[in-house]
Amino acid sequence: MLKQQLNFKLSQKLSPQQIQLMKLIQLPTQAFEQRIKQEIEENPALETGKDEQRDEYDYEDDYDNRDSEAEFDDSNEIDAEDINVDEYLSDDEIPSYRLQANNYSADDEEKHVPYAAGTSFTQHLRNQLNTFRFDDTEFEIAEFLVGSIDESGYIRRNIPDIVDDLAFTQNIYTDEETVEKVLKKVQELDPAGVGARSLQECLLIQLKRKDTTRAVTLASEIIEESFDQFSKKHYTKLLSKHDISEDDLRDAIEVISHLNPKPGGAYSGSTRMVEHVIPDFTIKIVDGDLELSLNGRNAPEMHVSRDYSNMLKGYKESKKKTKEQKDAVMFIKQKLDAAKWFIEAIKQRQQTLMVTMSAIMHYQKEYFLTGDERNLRPMILKDIADEIEMDVSTVSRVANSKYVDTPYGTKLIKEFFSESMKNDQGEDVSTREIKKILEMSIEEEDKRKPLTDEKLAKVLKDKGYPIARRTVAKYREQLDIPVARLRKEI
């Protein structure tokens with residue numbers, strides 16, 4: 001017997017305006033400012049700053065757009081009733097919100113973040129080439145090599161490939177010996193270590209520039225002859241192979257630890273743009289209680305252009321209305337609609353940000369009062385979404401892209417979210433709390449005998465957190481802490 005089933009699936013489609021609002025919510029402060037700038041450039045009906053003329057108008061308050069799509073007739077003149085102008089001459093429908101929040105001072109409004117201008121890293125290296133004696137071909141090879149140096153200061157390609165590239169892309173026909181010779185000169189540029197093809201070579205270049213001491217000589221020998229054992233911290237093998245004492249090895253390691261593994265990153269004029277984190281919120285402790293404020297750069301003063309509304313008034317008061325005038329009015333109405341919606345969207349964005357962050361702040365009140373990560377409660381997106389009766393995706397957009405300035409530093413909001421686990425008392429504890437205790441246990445360990453993951457699991461169990469060794473390994477990796485062998489010191 002055939003069974004027929006009819007499955008109904010209810011799907012909700014977001015309007016273009018709702019999608020745009022979600023995008024606005026997701027934007028961090030700097031990107032939000034750029035979005036406002038873009039909208040103002042594209043829509044002349046939208047303006048920023050105070051609306052000095054706002055109180056001069058007393059418009060009617062009836063919004064009705066049923067005539068906005070009226071068809072043109074064949075005559076050149078049209079009736080005034082074809083376009084209901086009054087609907088656009090309403091304070092309610094052409095908002096002039098003073099969107100500026102009143103929970104921060106004017107001093108908090110820094111409109112621009114200055115960036116230091118300077119020479120690019122590559123140009124800095126090229127300028128130094130003029131201090132060497134090169135023939136024309138060698139100089140072109142040197143320029144090519146400098147252009148091949150990445151932002152960390154390394155050349156990641158082997159010599160044969162570079163020889164081929166010079167021939168195919170620069171019409172420079174040379175051999176490996178010449179390129180190697182020029183590369184040695186490039187490796188004399190500052191900062192020390194630049195132009196290296198590996199970490200080992202980078203460290204050796206820097207060591208050769210240091211004054212010769214016993215520790216520097218030994219450090220060079222270790223890097224050149226025993227780099228693999230050194231990188232794996234096989235100290236016992238190093239002591240035996242180089243026939244040295246622990247004090248000698250300790251001195252050599254001290255020298256190596258002060259070398260720069262990424263010489264390109266040390267150059268302040270690097271072409272990489274340093275990202276300036278601008279907090280979207282500020283949490284302060286005032287008289288033992290928490291106070292939340294929204295960054296003023298998220299609360300601009302915006303209004304609809306009065307010039308545009310005056311155009312509509314002029315159209316309404318004119319006795320003869322032509323088709324050309326109506327075309328212009330339709331354009332104006334479209335821009336006014338867009339401006340009105342954008343201002344309303346900004347207002348909704350502000351409300352959403354404040355409501356969401358306020359709920360997070362109160363949920364984690366004990367942490368924000370103390371700064372102790374062990375006081376972070378287990379909290380997932382759904383907890384906050386249920387609290388403020390919004391969708392989980394909305395909370396996610398706020399948490400993943402916003403920062404809050406706290407008495408303990410600027411934090412990414414998503415850092416306050418964590419899953420829960422049971423302790424030996426059957427109580428829910430945050431995985432962040434467990435990670436913090438794991439981190440503290442590793443900081444307090446004997447570095448001559450670092451704790452393995454199995455021993456760390458036992459330490460946590462003794463403190464009331466029964467978790468498996470593999471879970472310890474996962475948390476350790478998430479904290480970017482190496483295995484016990486690589487934490488070993490002498």
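Throughout, residue positions are numbered sequentially from 1 according to the sequence presented.
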Heavy atoms of other groups near Glu224 CD, more than 12 under 6.0 Å: no
Are the side chain of Thr406 and the backbone of Tyr408 linked by a donor-acceptor contact shorter than 3.5 Å? yes
Minimum heavy-atom separation for Ile413 and Val398, please, with both atom names. CD1-O, 4.3 Å
Would you call Glu445-Lys447 a salt bridge at under 4.0 Å N-O? yes
Sorted by first residue and then second, give each salt bridge (Lys or Arg N to Asp or Glu O under 4.0 Å) pair with at least one member in residues 351-373; sequence neighbours left out. Asp289-Lys365, Asp372-Arg374, Glu373-Arg432
Do you know which of Arg156, Lys262, Arg197, Arg157 makes salt bridge (charged side-chain N to carboxylate O under 4.0 Å, His left out) with Asp150? Arg156
Looking only at heavy atoms, the pair that brings Phe417 and Val395 closest together is CZ-CG1, 4.2 Å
Return yes if a side-chain donor-acceptor contact under 3.5 Å exists between Ser393 and Asp391, otherwise no. yes
Got a salt bridge between Asp190 and Arg209, using NZ or NE/NH1/NH2 to carboxylate O under 4.0 Å? yes
Does NZ or CZ of Arg377 lie under 6.0 Å from the centre of the six-membered ring of Tyr363, at an angle within 45° of the ring axis? yes
Nearest 0.5 Å, what's the CG-CG distance between Leu239 and Asp248? 9.0 Å
A side-chain contact here means heavy atoms from C-beta on lying under 4.5 Å apart; do Lys474 and Arg470 qualify? no
For Gln38, run the side-chain hydrogen bond (donor to acceptor under 3.5 Å, both in side chains) check against Glu41, Glu42, Gln34 and tell me which one passes. Glu42
Any salt bridge linking Lys340 with Asp337? Criterion: basic side-chain nitrogen under 4.0 Å from a carboxylate oxygen. no
Residue pair Met357 / Leu353, side-chain heavy-atom distance below 4.5 Å: no
Please give me the minimum heavy-atom distance between Cys202 and Pro263, naming the atom from each residue. SG-CD, 3.7 Å
Any idea how Tyr367 and Phe416 line up, ring-wise: parallel (<30°), tilted (30 to 60°), or perpendicular (>60°)? tilted
Nearest heavy-atom approach of Thr394 to Met22 is OG1-SD, 3.9 Å
For the pair Ser401 (side chain) and Gln26 (backbone), establish whether a donor and an acceptor sit closer than 3.5 Å, ignoring hydrogens and angles. yes
Would you check, one step at a time, whether the test side chain to side chain donor-acceptor pair (under 3.5 Å) holds for Lys241 with Ser226? CA-CA 9 Å; Lys241 181 176 179 179; Ser226 311; 3.1 Å; yes
For Arg349 and Leu24, indicate whether the former's side chain and the latter's backbone hold a donor-acceptor pair under 3.5 Å. yes
Are Ile162 and Ser148 side-chain neighbours, meaning at least one heavy-atom pair lies under 4.5 Å? no
Can you confirm whether Leu21 sits close enough to Gln348 that some side-chain heavy atom of one is under 4.5 Å from a side-chain heavy atom of the other? yes
For Lys23, enumerate each residue passing the salt bridge (charged side-chain N to carboxylate O under 4.0 Å, His left out) test, keeping only those at least two apart in sequence or located in another chain. none
Presence of salt bridge, Lys458 and Asp462, under 4.0 angstrom: yes
For a side chain to side chain contact (heavy atoms under 4.5 Å, CB included) with Tyr403, tell me which candidate from Leu412, Thr29, Ile278, Asn295 qualifies. Leu412
Output yes when a side-chain donor or acceptor of Ser231 lies under 3.5 Å from a complementary backbone atom of Phe227, and no otherwise. yes
Decide yes or no for Gln229 and Ile222: does some side-chain heavy atom of the first lie under 4.5 Å from some side-chain heavy atom of the second? no
Side chain to side chain contact (heavy atoms under 4.5 Å, CB included) involving Val459 - partner list, sequence neighbours excluded: Ser441, Leu451, Lys463
